[in-house]
A.B. asks: 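This structure is in structure tokens; I'll ask about it shortly.
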Amino acid sequence: MRSLADPPVAGAAAAEAAVQPASLRNVEEVMTPPLAIKRHDVGGAPPMAPAIAQPAMGARLLGRLRTQLGSLALSVLSIGLLLGFWYLGTEYRWDFYIRFTNVPTPGEVYTEFMGLIGSAKFQANIGISLGRIMLGFCIATGLGVLLGLLCGRYALLKGLLFPALEVLRPIPAIAWVPISIMLWPTTETSIVFITFIGAFFPILLNTLHGVAAVDPVLIRAARCLGAGEVALMTRVILPGALPHIFTGLAVGMGVAWVSLIAAEMISGQFGVGYFTWEAYSLIEYPHIVIGMLVIGVLGLLCSGGIRLLSRLVMPWQRVGTKENA
């Protein structure tokens, strides 16, 4: 039972607060953000997070828009400079080591191209080249990725196959044209084979490097968690090697187009390469430039398709890029 001499509870608390050191009061004022938020919520004050997040999101979107516009402006400027150089060279017929005397002007090429758009033969040549490149590149992708994963994982298989592949790798794809005509029963098959050869080795080597770059800690961790060989290959090694694999796909696509056009010029009867070489034989100079531009645009579309596929297959890389930005 409290005596009358004892101070009241409220009075004791007030007295204790009065003698509380200033350092403790300062610590209490600079409380951690979660405690401060709770105190504001109890007092009924609205939270400030949404009001701060909206301007930040708007600034981020504005920054992305500026970056995209800047990149687009640089692309337009680059292409404009190329077209301007082409126009000046053909308009004034420059002849100082590089001769523009027989090169068609941009206007002549545009006029001839508009006349070729509705041509069934021209469309058939484009379709045939696309079919050849897709078939040869898909076979090279399947075989190159599979052998790269297996040779990168199993040293015995790499020791058995890789020396023979290294002997064949330095041979240019164009050097395979004579023997491919002898090996395969049809010209079409030999052209697809040359396209395959051009794309196969870049994909194989980049896949091997991708497997070698996988962190061994991840492999040991998967083993400790009970992963079998198939799960280890499909869920650890393959995802870890995907960036290198897509680099090989991009390089292989470029080499495949070079190999295809060379094969069509030498032994083909259809395709964009044959169309370009035929235009040179018939002295149709605007058609030569049209063929070159079509090859460039088709190669750009194929490379863009590979980049788009890489973003879909590896979404984590896009997230990592955003965080770094």
Side-chain angles (χ1 to χ4, degrees), residues 130-170 173 189 192-260 298-325:
L130 284 175
R132 289 167 174 169
I133 197 78
M134 288 296 114
L135 181 57
F137 183 77
C138 288
I139 297 173
T141 299
L143 192 57
V145 171
L146 179 62
L147 286 180
L149 291 173
L150 294 177
C151 291
R153 179 63 182 158
Y154 304 108
L156 179 61
L157 186 63
K158 181 180 180 181
L160 179 64
L161 297 179
F162 202 68
L165 294 174
E166 278 293 288
V167 171
L168 300 176
R169 184 176 62 86
T189 310
V192 173
F193 172 74
I194 294 168
T195 307
F196 158 80
I197 287 293
F200 172 71
F201 289 105
I203 297 173
L204 173 66
L205 291 180
N206 279 274
T207 304
L208 279 170
H209 288 303
V211 175
V214 175
D215 192 349
V217 176
L218 298 176
I219 299 177
R220 291 197 298 268
R223 285 291 192 193
C224 293
L225 294 173
E229 195 63 28
V230 176
L232 188 67
M233 186 70 74
T234 56
R235 298 195 176 188
V236 178
I237 296 177
L238 179 59
L242 275 179
H244 291 80
I245 292 175
F246 275 101
T247 301
L249 293 179
V251 176
M253 177 60 75
V255 181
W257 271 106
V258 174
S259 306
L260 172 68
L298 292 178
L300 181 63
L301 292 176
C302 292
S303 299
I306 292 175
R307 287 194 297 269
L308 178 60
L309 181 61
S310 69
R311 293 177 183 176
L312 295 176
V313 175
M314 299 184 297
W316 60 85
Q317 281 207 328
R318 186 168 61 230
V319 173
T321 303
K322 290 180 180 178
E323 290 179 354
N324 293 333

A.B. asks: Does Ile197 reach the side chain of Ser259, with side-chain heavy atoms less than 4.5 Å apart?
C.D. replies: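 With C-beta onward as the side chain, the pair stays apart.
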A.B. asks: Any non-hydrogen side-chain atom of Phe200 less than 4.5 Å from a side-chain atom of Leu165?
C.D. replies: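 Side chain of Phe200 against side chain of Leu165, heavy atoms only: contact under 4.5 Å found.
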A.B. asks: Which heavy-atom pair separates Gly299 from Trp257 by the least distance, and what is that distance?
C.D. replies: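 The answer is CA-NE1, 3.7 Å.
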A.B. asks: If you round to the nearest 0.5 Å, how far is OG1 of Thr207 from CD1 of Ile237?
C.D. replies: 12.5 Å
A.B. asks: Report the distance from atom CD1 of Ile203 to atom CG of Leu147, rounding to the nearest 0.5 Å.
C.D. replies: 11.5 Å
A.B. asks: Within a strict 4.5 Å, meaning less than it, do heavy atoms of the Leu249 and Phe137 side chains meet?
C.D. replies: yes
A.B. asks: Do other residues, nucleotides or ligands put more than 12 heavy atoms under 6.0 Å from the CG atom of Leu156?
C.D. replies: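 Atom CG in Leu156 is not packed in, count stays at 12 or less.
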A.B. asks: Please name the pair of heavy atoms, one in Ala222 and one in Val236, separated by the smallest distance, quoted to 0.1 Å.
C.D. replies: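 Scanning both residues completely, I find the closest heavy atoms to be CB-CG2, 3.8 Å.
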A.B. asks: Are Glu166 and Leu205 close enough that some pair of their side-chain heavy atoms sits under 4.5 Å apart?
C.D. replies: yes
A.B. asks: For the atom pair CG (Leu218) and CZ (Arg223), what is the distance rounded to the nearest 0.5 Å?
C.D. replies: 13.5 Å
A.B. asks: With heavy-atom distances below 4.5 Å as the criterion, would you say the side chains of Cys151 and Phe162 are in contact?
C.D. replies: no
A.B. asks: How long is the span from the OG1 atom in Thr141 to the CG atom in Leu204, to the nearest 0.5 Å?
C.D. replies: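 Here the rounded value is 12.0 Å.
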A.B. asks: Side-chain contact test, heavy atoms from C-beta onward, threshold under 4.5 Å: evaluate it for Arg153 versus Leu232 and give yes or no.
C.D. replies: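 Yes, side chains in contact.
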A.B. asks: Measure across His244 and Ala213 and return the closest heavy-atom pair with its distance rounded to 0.1 Å.
C.D. replies: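 Shortest heavy-atom separation between His244 and Ala213 comes out as CE1-CB, 3.9 Å.
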A.B. asks: Atom CG of Leu135 and atom CG of Leu130: how far apart are they, to the nearest 0.5 Å?
C.D. replies: 12.5 Å
A.B. asks: Under 4.5 Å between any side-chain heavy atoms of Met253 and Pro202, yes or no?
C.D. replies: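 They are not in side-chain contact.
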A.B. asks: Measuring only between side-chain heavy atoms, which start at C-beta, is Leu143 closer than 4.5 Å to Phe196?
C.D. replies: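 Result yes, sub-4.5 Å side-chain heavy-atom pair found.
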A.B. asks: Using a 6.0 Å cut-off, check whether atom CZ of Arg235 has over 12 heavy atoms from anything other than its own residue.
C.D. replies: no
A.B. asks: Working to the nearest 0.5 Å, report the span between OG1 of Thr195 and CZ of Arg132.
C.D. replies: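 Thr195 atom OG1 to Arg132 atom CZ measures 8.0 Å (nearest 0.5 Å).
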